Structure formats: structure tokens, C-alpha cells
2 protein chains.
Amino acid sequence: MENYLKYTKVFKALGDAKRAMIVDMLSCGELCACMILEKFKISQSTLSHHMKLLCECGLVKGRNEGKWTYYSLNAETIRETEQFFRGITSAKGSCICKEDADCCEGCDQDE
Amino acid sequence: MENYLKYTKVFKALGDAKRAMIVDMLSCGELCACMILEKFKISQSTLSHHMKLLCECGLVKGRNEGKWTYYSLNAETIRETEQFFRGITSAKGSCICKEDADCCEGCDQDE
DNA sequence: TAATCATATCGAACTTTTTAAATTTGAGGT
DNA sequence: ACCTCAAATTTAAAAAGTTCGATATGATTA
């Protein structure tokens with residue numbers, strides 16, 4: 001149940017084209033924030049905000065080195081998210097309506 | 001590039017706990033809107049709105065039968081979304097920054 | 001220890017999303 | 001034809017998200 005909390009945050013993070021592109025860029029390997037900034041027509045503060053969201057949902061890790069911050073993907077969250085996605089989209093997955101008939105009663109509390 | 005358009009819509013749809021739960025419920029098989037409504041503490045109009053979003057992004061299909069509307073998952077979009085996710089999270093995927101150095105220039109136009 | 005550079009945070013404007021009540025539509029049933 | 005029921009749409013209000021300029025922080029450099 002608390003999985004919904006965790007992974008809808010990840011999906012929300014990917015629900016923005018720029019953030020999805022940033023993830024794509026990072027799939028090639030670690031990048032400095034300034035490198036990412038060069039690729040986009042956004043302000044530095046906006047990028048910082050996006051990176052914060054990506055880090056908070058666990059999809060991205062940040063690492064400080066002197067003045068710079070290097071970002072890279074978090075393989076574990078990626079693996080888990082793919083698993084969660086499979087879980088909710090296949091009958092073999094968690095399938096809450098089978099497990100617990102009253103599962104959705106409190107669903108508005110976790111947002 | 002237009003993939004970002006398409007799949008960030010899917011992720012946005014899943015970026016809401018209730019909608020993710022609805023998808024989970026539908027993974028067990030087709031359900032009538034009224035059945036889904038019973039599970040949630042939301043109004044009929046709100047559910048209708050959520051179902052519209054889920055259909056518009058391609059994740060869910062609707063089918064009318066008399067007064068009722070039956071919803072089911074769209075296997076094709078699910079498969080494609082998983083592929084897209086793998087694409088942007090693995091170095092073997094699309095990796096826009098390798099393919100096109102100026103790929104992100106116009107990224108704010110597609111939202 | 002100032003100045004500078006890379007990021008982060010704050011504050012405010014603007015846009016989008018979420019939600020529900022009220023209404024409409026469209027299909028049966030009486 | 002009229003009534004009823006399921007679902008969609010409209011409307012409006014509140015909540016959340018996006019963006020950027022200005023400012024703060026914190027590390028290197030002169």
C-alpha cells in the first residue's frame with residue numbers, strides 16, 4: 001500500500017518531458033548539473049528544482065565534488081519501479097482488488 | 001522525440017495514487033465504471049475524469065454496453081511504456097544525449 | 001579575506017490539475 | 001412518451017506544479 005506512495009512519486013517525476021529527458025541523459029552516465037543545464041532552455045533554479053524532485057523520488061542520486069554536483073541514475077529504484085509497473089499492469093502482480101476488497105477505502109489519505 | 005510527448009502522458013496518468021490503483025484493479029480484468037466507483041471515496045464525476053485521462057494516454061480502453069461502460073487495460077500501450085522506460089533508464093536505450101547533442105533545445109515546446 | 005563560481009533556496013506569478021455539485025446525454029425499462 | 005439509471009460534461013473553486021529572478025550557501029581562487 002505504501003508502495004503507491006513511493007512509485008506514484010516516481011511516475012509523477014517522469015510525467016514531465018524535461019525530467020524524462022534528464023533521466024535519459026543520465027542513462028549514459030554521471031553528469032554535472034552544469035552539463036545538464038547547457039542542454040536545456042531553462043533557468044538554473046528551475047533545473048535545480050527538477051533535480052531535487054528526481055532525487056527525492058529516488059530515481060537520481062546526487063554527489064558533491066567541490067563546487068560541482070554530479071548526478072547519476074539510481075539503478076535500484078529503476079529496477080523496483082519497473083517491477084511495480086509490471087505488478088499493477090499484469091494479473092500476476094499485486095492486484096489489490098483480489099487481495100483486499102476494501103483496499104481503496106483510504107486511498108485519498110496518501111497523497 | 002514525440003515519444004516523450006506520448007509516454008510522459010502515461011507517466012503523468014500513473015503519477016496519481018488513485019489512478020495507479022485503478023490500473024491495478026483493471027489488471028485483474030475488465031470492470032464496469034460503477035464497480036470501480038464502489039471501491040473509492042470519490043464522486044462519480046471525478047472517477048469519470050480519471051478514466052478519461054487513463055483512456056486518453058492509451059493505458060485503458062473503454063467499451064460501452066447499454067448504459068454501462070466497461071474499462072480494461074490496453075496491453076499494447078503497457079508493453080510500449082515499459083520499453084520506453086527501459087529506453088530512457090538504460091545506456092542501451094535511446095540515450096538522446098548521444099544521438100543528438102542539441103536534442104533538448106526545443107523541449108519546452110512539447111508540453 | 002575578498003571575489004568568484006556552481007548550486008540551492010526563497011518568493012511570487014502563472015499554469016495545470018484535482019475535485020465535486022449540477023446538468024446533460026443516452027440507453028433501457030414502465 | 002415518460003421515468004430511471006449510468007456515465008460524461010460543464011462550471012467553478014481549491015490545490016499543486018512550473019518557472020524564473022533574486023538571494024543565500026558553500027567551495028575554490030586570487
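Residue numbering restarts at 1 for every chain, and letters A, B, ... go by the order of the sequence lines. Bear in mind that the values here come from a model prediction, so they are computed numbers and not experimental data.
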ILVMFWY network linking B:M35 to B:L26, side-chain heavy atoms under 4.5 angstrom: yes
To the nearest Å, how far apart are A:L37 CG and C:dA6 C1'? 10 Å
What is the distance from OH of B:Y70 to P of D:dA8, rounded to the nearest Å? 13 Å
Please report, rounded to the nearest Å, how far the C1' atom of C:dT7 is from the CG atom of A:L31. 16 Å
Considering all heavy atoms, the nearest A:L5-A:T8 contact: O-OG1, 3.3 Å
From CD of B:E56 over to P of C:dT18, roughly how many Å is that when rounded to an integer? 12 Å
To the nearest angstrom, the NE2-P distance between B:H50 and C:dT17 comes to 13 Å
Proximity to the side chain of A:K52 - top-ranked nucleotide from C:dT9, D:dT19, C:dA20: C:dT9
In whole angstroms, the gap separating P of C:dT18 from CE of B:M51 amounts to 14 Å
Nearest listed nucleotide, side chain of B:H49, among C:dT7, C:dT19, D:dT18: C:dT19
For A:A17 and B:Y4, work out which heavy atoms get closest and say how close. O-CD2, 4.1 Å
Assign the ring pair A:F11 / A:F85 to parallel, tilted or perpendicular, where the plane angle (0 to 90°) is split at 30° and 60°. perpendicular
Of all the choices, D:dT18, C:dA20, C:dT17, which nucleotide is nearest to the side chain of B:K12 once you look at every atom? C:dT17
Of the options C:dA20, D:dT19, D:dC20, whose atoms approach the side-chain atoms of B:T46 most closely? C:dA20
Closest listed nucleotide, where the reference is the side chain of B:R19 and the choices are C:dT7, C:dA20, C:dT18: C:dT18
Heavy atoms under 4.0 Å, any strand shown: does B:S48 hit a base, just sugar-phosphate, or nothing? base
Measure the distance from CZ on A:R63 to P on C:dA8 and round it to the nearest whole Å. 13 Å
Given protein heavy atoms under 4.0 Å, the one-letter contact record of nucleotides 22-30 of chain D, with B base, S sugar-phosphate only and - none, is simply B----SS--
Which of parallel (below 30°), tilted (30 to 60°) and perpendicular (above 60°) describes A:F84 and A:Y7? parallel
Below 3.5 Å, can you tabulate the donor-acceptor pairs from side chains in residues 48-61 of chain B to any protein atom, sequence neighbours excluded?
residue : atom : partner : partner atom : Å
B:H50   : ND1  : B:R19   : NH1          : 3.1

Following the transitive rule for hydrophobic clusters with a side-chain heavy-atom cut-off under 4.5 Å over Ile, Leu, Val, Met, Phe, Trp and Tyr, establish whether A:L31 and A:Y70 coincide in one cluster. no
Could you tell me the separation between the CG atom of A:L47 and the C1' atom of C:dT7, rounded to a whole number of Å? 9 Å
Looking only at side-chain atoms of A:K18, point me to the closest of D:dA7, C:dT9, D:dT19. D:dT19
